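Okay, so here's the structure we're looking at.
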Amino acid sequence: MKWSETYIPTLREFPAEAEIISHKLLIKAGYIRKLTSGVYNYLPLMQSVLLKITNIVREEMNKSGAQEILMPVLHPAELWQKSGRWETVGKELMRMRDRHQRDLVLGGTHEEVVTNLIKGEIRSYRQLPVNLYQIQTKFRDEIRPRFGLMRGREFLMKDAYTFDANEKSFNISYQKMVDAYFKIFKRCGLETKMVESDTGAMGGKAAHEFMVIVDTEGGENIIFYCDRCDYSANIDKASSFDLKEIKSEGFTEKETFKKMEKVHTPDKKTIEEVTLFLNQPPEKLVKTLIYRADGNLVAALIRGDKEINEVKLKNALGCIQLEMADSESIKKLTKAEVGFSGPVGLKGVKMIVDEQIPNLFNFVTGANQNDYHLVNVNSERDFKIDQVADIKTAKEGEGCPKCKKGRLKTDRGIEVGNTFMLGTKYSQSLGATFIDKDGKEKPFIMGSYGVGITRTAQAAVEKYHDEKGIIWPVSIAPLHINILPVNIQDQTQKNVAFDIYQRMKENKMEVLIDDRDERAGVKFNDSDLIGLPLRITVGEKYLKKKKVELTLRGKNETLFCPKEEVLEKSKKILEKLKAVF
RNA sequence: CGGGGUGUAGCGCAGUCUGGUAGCGCACAUGGUUUGGGACCAUGGUGUCGGAGGUUCAAAUCCUCUCACCCCGACCA
């Protein structure tokens, strides 16, 4: 490829619209351009990267026995109504109407369509298992698209769906996908961590996410892992136990119930204020948070030093919509300002408490009266608990729920893939069944598996860059080599550069030649910016000695070699780079 | 949806408070000098000032409405 004939619109300045480094670099280096919020054009270099990634995905999927298909983007609303997701997915679902006023959906995932596809056609357990996948554009009406391709409204995704006759077979299918995913990301140059995750609107029994660990702001997800065993989970799933509960006496061993008393706490609303005022540790306080779950008010209780995890709360309540109640509703319910809510005497609401609460004795709560708190409150004696559940957010340093010995640590990650154990949620709701060995009709056991293609590309940039630009892993670099004649006006330089270029092309090497009549600085900077792994500099300095320079992107060292040997040398270097992945 | 902010040349921005010829840098075009890390000189082209309405002799500037985009939060298959 000649640079002069390729659309690579690099910028001198960082774009104002981008926030994180990978987004800035993709725009500056001429890989992507925004059309509208969360929607991007992929320019030639980007398209090449995406093809590299999809090829890797395709190879590994095919190896695992999956079959590639292509399903429609446009779905009838009816299917989504049958599965229930017309309601549960809510506003993220991109909806539209046709000229007959029929509701349609722009697919953001294809469980409904794929289930419908095999329904009635796969009738026997003998035809199972089946794994179908596609690589296709997906639509999600994100509330706030951001970070370029990280959270777009339109993006490329590989999605796969498995159908099995029984749990045993399903577990094998699931493991195959997990193995394939580790291979896919590894081949893309990305180490990933597999973490337990919430199933969300997807439904099903369990789910995992594949995270690229980064230490930049691009890592949107907080993941927890144990420093002793292999436990790891994302923030919405991670559970933990509190070391304090075990260490400090009085929390687990029964204290004697003290008499409940009302104390005057003027203007002390926050945990911090009450803690200071009453000289009690935050662990002795209990927060009462009023939520609205599918329209009904719910009181959620949690220890003062913990944070509620709304995903966990939502799951525990089994509701679709969950939001903090507005202050008017709270005042009406508690007859007090927000900040003085408490469980004692609260009527007409479901009382859900975190699993730590039943172990607490003689704690402090709001009194449902302005400027008053209650001390020495005890559950069951002073108020009734309707439900106990883990509804708190895990914190770094807390105990591992799996091995009980290690402590939890945190990392920031970019979710590049996910896998869901769907069970029979979709096969049942859409009536997709087969006849099993025993002659009985049963719903398929399903799994679904996604890889964000565009997100993976950006995750690689977020992971591999320096102050000058992108440093692509060789396996997904748009091209391998950039030949840079320092001064294209110089006939010798030009001839040598083009000679190398021609020979490399004849050898099917992936090569770009910067044949632009630009000054050296511009070319060097652009070369670093677009981030091809190997640069071959042809300049006056060393040409006199019949030598050209080989420079690895991201490394400072430069190798000199006679121009006759550059082809072999380059091949060797690239082979070595490839071997790393 | 709530809070904050921005829309002026291809890109980055000034000008808006205090109404009076629409600017700067980069990029672009032509000519020349230069040529190993974002050159220099000269000349030149470039705008519905996001849109609509209003106030005014006069609006990028003031008022009303509206659209788009960005950030924080809620949300996230």
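All figures in this text were calculated on a predicted structure; none of them were measured in a lab.
- Base-pair partner of B/rA39: B/rU33 (Watson-Crick or G-U wobble, both distances under 3.5 Å).
- Counting non-hydrogen atoms under 4.0 angstrom, A/Asp528 reaches a base of the nucleic acid.
- Residue contacts for A/Arg85: at a heavy-atom cut-off of 4.0 Å it reaches no nucleic acid atom on any strand shown.
- Remark: aromatic rings of A/Trp3 and A/Tyr501 are distant, center separation not under 6.0 Å.
- To the nearest angstrom, C1' of B/rG25 lies 15 Å from CG of A/Leu11.
- When ring centroids are compared, A/Tyr133 and A/Tyr449 stay outside the 6.0 Å threshold.
- Just one of A/Arg412, A/Arg151, A/Arg455 meets the salt bridge (Lys or Arg N to Asp or Glu O under 4.0 Å) condition when paired with A/Glu220; it is A/Arg151.
- Atom CD of residue A/Glu565 and atom OG of residue A/Ser570 lie 11.0 Å apart, to the nearest 0.5 angstrom.
- Between A/Lys314 and B/rA74 there is no side-chain N or O to OP1 or OP2 distance below 4.0 Å.
- In this structure, A/Ile143 places its CD1 atom 11 Å from P of B/rA77, rounding to the nearest Å.
- Remark on RNA chain B: of its neighbouring residues A/Thr109 and A/Phe524, the 5'-side contact belongs to A/Phe524, judged by nearest-heavy-atom nucleotide.
- Atoms CD (A/Glu307) and P (B/rA74) sit 11 Å apart, rounded to a whole Å.
- Applying the 4.0 Å criterion to OP1 and OP2 of B/rA68, one finds that A/Ser37 has every side-chain N and O outside that range.
- If you look at A/Phe155 and A/Phe139, their ring centroids are not closer than 6.0 Å.
- Here the separation of B/rC17 from B/rU61, taken at their C1' atoms, is 9 Å to the nearest Å.
- Looking at the side chain of A/Arg146, the nearest of the listed nucleotides B/rC75, B/rC69, B/rA77 is B/rC75.
- Less than 6.0 angstrom separates the ring centroid of A/Tyr40 from the ring centroid of A/His23.
- Separating the C1' atom of B/rG38 from that of B/rA27 is a span of 12 Å, rounded to the nearest Å.
- Base pairing of B/rG23 is made with B/rC13, judged by Watson-Crick or G-U wobble geometry with both donor-acceptor distances under 3.5 Å.
- For the pair A/Trp80 and A/Gly38, both in contact range of RNA chain B, the more 5′-proximal nearest nucleotide belongs to A/Gly38.
- Taking 4.0 Å as the cut-off between side-chain N and carboxylate O, A/Asp515 and A/Lys494 do not count as a salt-bridged pair.
- Closest heavy-atom contact between A/Met211 and A/Gly413: SD-C, 4.1 Å.
- Straight-line distance from the CZ atom of A/Arg153 to the P atom of B/rC69: 6 Å, rounded to whole Å.
- Side-chain atoms of A/Glu549 come within donor-acceptor range of the base of B/rG36, with a qualifying N/O pair under 3.5 Å.
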Might you list the N or O atoms of the protein lying below 3.5 Å from N or O atoms in nucleotides 27-35 of chain B, with each pair's distance?
unit_1	atom_1	unit_2	atom_2	d
B/rU34	O2	A/Arg519	NH1	2.8
B/rU35	O2'	A/Asn487	ND2	3.4

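- Look at the P atom in both B/rC24 and B/rU43: the space between them is 13 Å, to the nearest Å.
- The same atom, P, is picked in B/rG50 and in B/rA42; the two are 32 Å apart, to the nearest Å.
- Rounding to whole angstrom units, NZ of residue A/Lys547 and C1' of B/rG36 are separated by 18 Å.
- Protein atom CD of A/Glu13 is 14 Å distant from nucleotide atom C1' of B/rA14, rounded to whole Å.
- Straight-line distance from the OH atom of A/Tyr426 to the P atom of B/rA77: 10 Å, rounded to whole Å.
- B/rC41 and B/rU55 have their C1' atoms separated by 49 Å, with the value rounded to a whole Å.
- Straight-line distance from the CG atom of A/Asp526 to the P atom of B/rG36: 17 Å, rounded to whole Å.
- Checked against B/rC76, B/rA77, B/rC70, the side chain of A/Arg151 finds its nearest nucleotide in B/rC76.
- To the nearest whole angstrom, the two P atoms, one in B/rC13 and one in B/rU46, are 24 Å apart.
- Distance check: A/Ile391 CD1 to A/Ile308 CD1 gives 4.0 Å after rounding to the nearest 0.5 Å.
- Residue A/Arg292 is classed as having no contact, given no heavy-atom separation below 4.0 Å to the nucleic acid.
- Contact annotation for A/Lys34: backbone-only contact, meaning every heavy-atom pair under 4.0 Å involves sugar-phosphate atoms and none involves a base.
- With both pairing distances under 3.5 Å, B/rG2 is matched to B/rC72 as a Watson-Crick or G-U wobble pair.
- Under the Watson-Crick or G-U wobble criterion, with both distances below 3.5 Å, B/rU64 is paired with B/rA52.
- For the C1' atom pair drawn from B/rC57 and B/rC72, the interatomic distance equals 46 Å after rounding to whole Å.
- Rounded to the nearest Å, the gap between the C1' atom of B/rA39 and that of B/rG45 is 23 Å.
- A/Ser448 comes within 4.0 angstrom of no nucleic acid atom, judged by non-hydrogen atoms across all strands.
- Residue-level contact check: A/Asn418 touches the backbone only, with heavy atoms under 4.0 Å from sugar-phosphate atoms and none from bases.
- In this structure, A/Lys468 reaches the bases: a heavy-atom distance under 4.0 Å links it to at least one base atom across the strands shown.
- Here A/Glu19 lies in heavy-atom contact (under 4.0 Å) with sugar-phosphate atoms only.
- Distance from the side chain of A/Arg144 is smallest to B/rC72 among B/rA68, B/rG36, B/rC72.
- The partner of B/rG45 cannot be assigned: no Watson-Crick or G-U wobble pair with both contacts below 3.5 Å exists in any strand.
- Looking at A/Thr410, A/Asp411, A/Asn234 one by one, the single match for side chain to side chain contact (heavy atoms under 4.5 Å, CB included) with A/Phe224 turns out to be A/Thr410.
- Residues A/Tyr542 and A/Phe560 place their aromatic rings such that the two centres sit under 6.0 Å apart.
- Across all strands shown, B/rA58 has no partner, as no Watson-Crick or G-U wobble contact with both distances under 3.5 Å is found.
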